[in-house]
Amino acid sequence: MTYSGEVTVGGPADVHELKDLMITKIAVGPMDNNAYLLRCRATDEQLLIDAANDAETLLGTIGDDGIASVVTTHQHGDHWQALAEVVAATGARTYAGREDAPGIPVTTDVLVDDGDVIRVGQVVLTARHLVGHTPGSIALVYDDPHGHPHVFTGDCLFPGGVGNTRKDPEAFASLIHDVETKIFAVLPDETWVYPGHGNDTTLGAERPHLPEWHARGW
């Protein structure tokens, strides 16, 4: 089956099969959050991005192999509702952006800064610190050696714009600056974008609209 990235709460997961990495996307909770389970194909080690809600569904997706780690993209409550239960069940190591970790009511084992590397088996993810939606939001970039990059953006980049900055001009200026300089400026159009809610996109689909986002201020 071809991966579409279109998932609904209560519906099946969608699996993006890459040569070295399997990405399973599932939607959970009342705010239609996306959670992403990454599995290294060489070692079978797994990492979860955002234990957002519905621990039972997430643990069922994880399966008997468990997970080595959970990355929380940012401190907003809809992205960690199931974190305590998932960690208790799996013993996973927790990661979050340094500035957002105090706002997450589960101990963060590893504080993440811009450029830090997070590994899942033999697969390397690079964290990018994006300021504006929250002070410590992080995106994770997988630069696939066999194809184009993939980036998990949390609530910092969606189809049609950057994340909510609550009509704060300074927060918007910060977020669009970081998204432009750390994502758009360094990654190609083919880069696949996996957001914290809703459907996926590519940088190529969004890049032509950057001037519009600047002009409207959100």
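Because the structure is predicted, anything quoted here is derived from the model rather than measured.
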When you measure from the side chain of [X] to the backbone of [Y], do you find a donor-acceptor pair of N or O atoms at a distance under 3.5 Å?
X	Y	value
Arg166	Asn164	yes
Thr202	Ala205	yes
Thr24	Val15	no

*Looking at Val28, Asn33, Asn53, which hits side-chain contact (heavy atoms from CB on, under 4.5 Å) with Gln81?*
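Between Gln81 and the candidates, side-chain contact (heavy atoms from CB on, under 4.5 Å) is satisfied uniquely by Asn53.
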*side-chain hydrogen bond (donor to acceptor under 3.5 Å, both in side chains) with Asp168: which residues, sequence neighbours excluded?*
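Partners of Asp168 by the side-chain hydrogen bond (donor to acceptor under 3.5 Å, both in side chains) criterion come out as none, since no residue qualifies.
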Which pairs pass salt bridge (charged side-chain N to carboxylate O under 4.0 Å, His left out) with one or both residues in [range], sequence neighbours excluded?
range	value
residues 180-207	Lys25-Asp200, Asp114-Lys182, Asp189-Arg207
residues 75-84	none
residues 137-147	none

If the condition is salt bridge (charged side-chain N to carboxylate O under 4.0 Å, His left out), which residues does [X] pass it with, not counting sequence neighbours?
X	answer
Asp64	none
Arg93	none
Arg41	Glu17

Can I get a per-line list of side-chain donor-acceptor pairs under 3.5 Å for residues 68-75, giving both atom names and the distance, sequence neighbours left out?
from: Thr73; atom 1: OG1; to: Asp50; atom 2: OD1; distance (Å): 3.3
from: Thr73; atom 1: OG1; to: Asp50; atom 2: OD2; distance (Å): 2.9
from: His74; atom 1: NE2; to: Asp155; atom 2: OD2; distance (Å): 3.3

Share the residues that join [X] in a hydrophobic cluster, the rule being Ile, Leu, Val, Met, Phe, Trp or Tyr side chains under 4.5 Å apart at the heavy-atom level.
X	answer
Leu187	Leu130, Val141, Val151, Leu157, Val162, Phe172, Leu175, Ile176, Val179, Ile183, Phe184, Val186, Val193, Leu203, Leu210, Trp213
Phe158	none
Val131	none

_So Tyr95 and Ile138, do their side chains get closer than 4.5 Å, heavy atoms only?_
no
*Count the heavy atoms of every other residue, nucleotide or ligand shown that sit under 6.0 Å from CD of Glu212, and state whether that count exceeds 12.*
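More than 12 within 6.0 Å, yes.
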*Within a reach of under 6.0 Å around CE of Met22, are more than 12 heavy atoms found that belong to other residues, nucleotides or ligands?*
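Yes, because the 6.0 Å sphere around CE of Met22 holds more than 12 heavy atoms from other groups.
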*With sequence neighbours left out, what residues match His16 under ring-ring contact (aromatic ring centres under 6.0 Å, His included)?*
Tyr3, His150, Trp192
